Amino acid sequence: MTILSLAFKELIYSGITPDIAFLDVEMPGRSGIHVGAELMQKNVYVKIIIITSFPDYLDEAMDFHVYRYLSKPIDENRFCRSLSAALKQLHMETVYIHVCTVDGGLKLRADEIICVERRKNKGSFAKKTEAFTRFMKMRKENFM
């Protein structure tokens, strides 16, 4: 086994969830397409950028929504634009809202919140991943 394939195997089974991964389609031991799909199961926000000399895998890569598919030889400007766009997209997707609740504070990803409601000095919010609404103490300045 080569160091490269060992590194990807360790990455898949470690607790590390990268934000951006550059993968080749044909790597020793494992396809970059499969490694990318496994990384996306751990973190739906990961940006997978495939760098390869094999254009035939584009459809397969698009099936799991790769962020970019770059052909070798790599154009430096295109590479930099792709990385910059991935970083901007990550920033937009990972905006957090801090909410003070009766139980303490919560840090929620903005795209997880479905709605926020305020009645008098109490409020509630609903998250996509939770079927219940959590109540919180709210002050007027929370909405300004």
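All figures in this text were calculated on a predicted structure; none of them were measured in a lab.
Judged as a ring-ring contact (aromatic ring centres under 6.0 Å, His included), the pairs with a partner in residues 67-96 (not counting sequence neighbours) are, in order, Phe22-Phe79. Residues in residues 72-86 take part in these side chain to side chain donor-acceptor pair (under 3.5 Å) pairs, two or more places apart or across chains: Asp24-Lys72.
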task = Please report the C-alpha distance between Asp19 and Asn43 in whole Å, then the side-chain angles of each, then the deciding distance to 0.1 Å, and finally whether the side chain to side chain contact (heavy atoms under 4.5 Å, CB included) criterion is met.
result = CA-CA 8 Å; Asp19 293 321; Asn43 176 10; 4.1 Å; yes

inquiry  = Run the side chain to side chain contact (heavy atoms under 4.5 Å, CB included) test on Ile20 and Leu87 for me, step by step, so that the C-alpha distance in whole Å, both residues' side-chain angles and the decisive distance to 0.1 Å come before the verdict.
reply    = CA-CA 8 Å; Ile20 300 174; Leu87 290 168; 3.7 Å; yes

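In this structure Ala37 satisfies the side-chain contact (heavy atoms from CB on, under 4.5 Å) test together with Phe64, sequence neighbours excluded. Partners of Glu26 under the salt bridge (Lys or Arg N to Asp or Glu O under 4.0 Å) rule, at least two apart in sequence or in another chain, do not exist in this structure. Glu60 pairs by the side-chain contact (heavy atoms from CB on, under 4.5 Å) definition with Ile33, His34, Tyr57, not counting sequence neighbours. Remark: Lys88 engages no residue in a salt bridge (Lys or Arg N to Asp or Glu O under 4.0 Å) (not counting sequence neighbours).
Between Ala21 and Leu39, the closest heavy-atom pair is CB-CD1, 3.8 Å. Among all heavy-atom pairs drawn from Ile49 and Ala86, the shortest one is CD1-CB, 4.4 Å.
Put simply, NZ on Lys47 and CG on Leu83 are 13.0 Å apart, with the number rounded to the nearest 0.5 Å.
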